[in-house]
Amino acid sequence: MIRFECASVFSDHCVLQQNESIRVFGYAPVGVEVTATLLQGQQVLTRGACVAEEAEEGSLAYNFLAVLPGLKAGGPYELSVTCGEEQLLFRDVYVGEVWLAGGQSNMEFKLCQDREFEAAKQRAKTTNVRFFQVGQRAFVDETFRDSERQDRWMLGSEEGVDSWSAVGYYFGEKIAEATDVMVGVIGCNWGGTSAGAWQDKDSLLSDEKTAIYWTEYEDIVAKQKPEEYEAERLDYLAYHAWWEPKVGEYYATHPNATWDEVQEVYGPCRWPGPMGPKHEFRPCGLYETMLRRVTPFALAGVIYYQGESDDHRPRAYETLLTKMLSVWRREFRQEKLPFMLVQLPMHRYRDNPITDSWCTIREAQMKVHKADEYTGLAVAIDCGEYNHIHPTRKTEVGKRLALQALYHVYHLIQEAEAYGPAFKGMQVDGDRITLEFSHAEEGFCIKEDKEAVIHMPSYGFEIAGEDGRWEAAEVVFDGDRIHLSSKQISAPTQARYLWTDYAAVEIFGKNGLPLAPFWAKETSKNEKEQENV
């Protein structure tokens, strides 16, 4: 007999999405009617019912889904879910705005790690933001459901606020302030994960650019012996549990230590451990064990900060991310589900060679934003730190995501408030390139970055001819346009800005938001003719 219970995302203090059908789901005995009712005292505000369906043996899939007509924001209410003689009652329930905070470590980054934590912790006690963290479970075993039952919605007045997503909290705080309703943030993220971990196998296999994520994993598993893999996995977990705190202690007392020095003292870093069917980074894994544990809970949208772990295949990222957005919209049953994306900030480890992988990821994120009308893009190019992949100033990232949501989703601010300058077009006139920008009607603002370790000449502007030889450009600011030239390039055809993994960011719009990085090339006569066709 299946035990009657709701998905863990339904608990005391939960927040339901306003003006959207309320979807209540979980497990119930097959063929029994389940009724969900939202109450204010004895008054029925909305109600929905369904009959529990046949459940596949051992499946994680929920087998009942009751749909209730949506409501405007309000609360506190009670949510009653009944099945035969059994009743589940969730108290202090609000209807408001619900956002899912997805991605990898910079979204997972805890509020207690943020440099402004103490002030944020005090505000959280009275701010209308609540938080639910989907438990990080890499694979399904006999403890999975018992562990999942511990997940619950949390209030900002609880000690657990320390573990909330910093970006998620700062974003929620701004949305609550602007909309004057309760905001719920669902954390569904895991450090180090690829976008391939958060979608299904069919999605990955539907395009040759992304199929390699699955086929490469399949090849690894095919060559494994289960008992050997399990032994190797347990050995890695024990080693890593010892190694990581030791390295943390060493860095604390030797802040200028190099990566090679650390490994010489404590041994090699074996992260992320042996790939296999229990690894959190395996393709499609967290789609099953985390994302689908909260679908199809109704949302206002998704904030998404990820891309760092896909820098080994940066040219596949545009396709990978586009597919993931499609999968999530399907799973949440919201075909126009908004996604507010974070464009990756500056970053480079001191010991790493210079590449253009993060530049390409940033470009892919911009392309996805331009192609998908239900996305926003928070340009965070200036929010990175040299030699530190986890910047400790998340307030600005949360604020910029909120600006995107307030423009795209809530229509409470104008476009000019949400965006910094962005490349719009270029013209070539002899030896000079003229760049045109959107969101730069009032011109540009130069902010000297004295803390940056690396400064590119000419603020990061470069030009090149057909031979692809790049030179730093001479820069002339002209209202909302920028002119570029170089004595070394007589016939430039392309220009780029901050095309580097890490460097100082010093050009901003008058609203304080940074100029987005870009790479542009003059459109040839043949390309123009093709566009016209």
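Side chains are part of it too, since the values below use all heavy atoms of this structure and drop only hydrogens, waters and symmetry mates.
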Parallel, tilted or perpendicular, as decided by the 30° and 60° cut-offs, for the rings of [Y] and [X]:
X	Y	answer
Y62	F25	tilted
W164	Y169	tilted
F339	W328	tilted
W153	F297	tilted
Y459	F477	perpendicular

Mark yes or no for whether [X], through its side chain, and [Y], through its backbone, hold a donor-acceptor pair below 3.5 Å.
X	Y	value
Q343	I381	no
S157	K125	no
S458	A473	yes
H388	R348	no
Q18	A73	yes
Y304	L100	no
T46	L68	no
R152	F132	no
T289	R137	yes
Q122	A119	no

Looking at [X] and [Y], does any basic side-chain N land under 4.0 Å from a carboxylate oxygen?
X	Y	answer
D372	R329	yes
D310	R313	no
R481	E436	no
D200	R330	yes
E385	R115	yes
D480	K510	no
D12	R130	no
R315	D356	yes

E417 vs Y407, test: side-chain contact (heavy atoms from CB on, under 4.5 Å). Steps then yes/no. CA-CA 8 Å; E417 298 177 71; Y407 169 63; over 6 Å; no
Please tell me whether H347 and Y349 form a close aromatic pair, meaning their ring centres lie under 6.0 Å apart. yes
To the nearest 0.5 Å, what is the distance between [atom1] ([X]) and [atom2] ([Y])?
X	Y	atom1	atom2	result
S194	R282	OG	CZ	13.0 Å
L45	T37	CG	OG1	10.0 Å
I212	L320	CD1	CG	12.0 Å
C188	I186	SG	CD1	8.5 Å
L377	T375	CG	OG1	7.5 Å

Give me the atom names and distance for the closest heavy-atom approach of [X] to [Y].
X	Y	answer
A298	V98	O-CB, 4.0 Å
V93	S11	CG2-O, 4.4 Å
D449	E506	N-OE2, 2.9 Å
G376	Q404	CA-OE1, 3.2 Å
P391	G384	CG-CA, 3.8 Å

Consider only side-chain N and O atoms of [X] and [Y], and report whether a donor and an acceptor are under 3.5 Å apart.
X	Y	answer
S206	K323	yes
E308	N106	yes
Q427	T434	no
W190	E108	no
Q136	E280	no
H390	S105	yes

Check against salt bridge (charged side-chain N to carboxylate O under 4.0 Å, His left out), R432 and D429: CA-CA 5 Å; R432 187 174 79 164; D429 184 11; 5.2 Å; no
Sole residue of D311, D501, T500 in side chain to side chain donor-acceptor pair (under 3.5 Å) with W358: D311
Looking at Q306, K209, E363, which one forms a side chain to side chain donor-acceptor pair (under 3.5 Å) with Y317? Q306
Per side chain to side chain contact (heavy atoms under 4.5 Å, CB included), P338 is matched among Q334, K336, M340 by M340
Go through the steps for C284 and W214 under the test side-chain contact (heavy atoms from CB on, under 4.5 Å), then give the verdict. CA-CA 8 Å; C284 313; W214 179 262; 3.9 Å; yes
Establish, for the pair K394 and Y170, whether the NZ or CZ atom is under 6.0 angstrom from the six-membered ring centre and no further than 45 degrees off its axis. no
If you apply the rule side-chain contact (heavy atoms from CB on, under 4.5 Å), what do you find for Y497 with F423, and how did you get there? CA-CA 10 Å; Y497 168 66; F423 173 78; over 6 Å; no
Counting neighbours of CD1 on I354 that are heavy atoms of other residues, nucleotides or ligands and sit closer than 6.0 Å, is the number greater than 12? no
Go through the steps for V95 and Y77 under the test side-chain contact (heavy atoms from CB on, under 4.5 Å), then give the verdict. CA-CA 8 Å; V95 176; Y77 305 135; 3.9 Å; yes
Of E158, E159, E116, the residue whose pairing with K121 passes salt bridge (Lys or Arg N to Asp or Glu O under 4.0 Å): E159
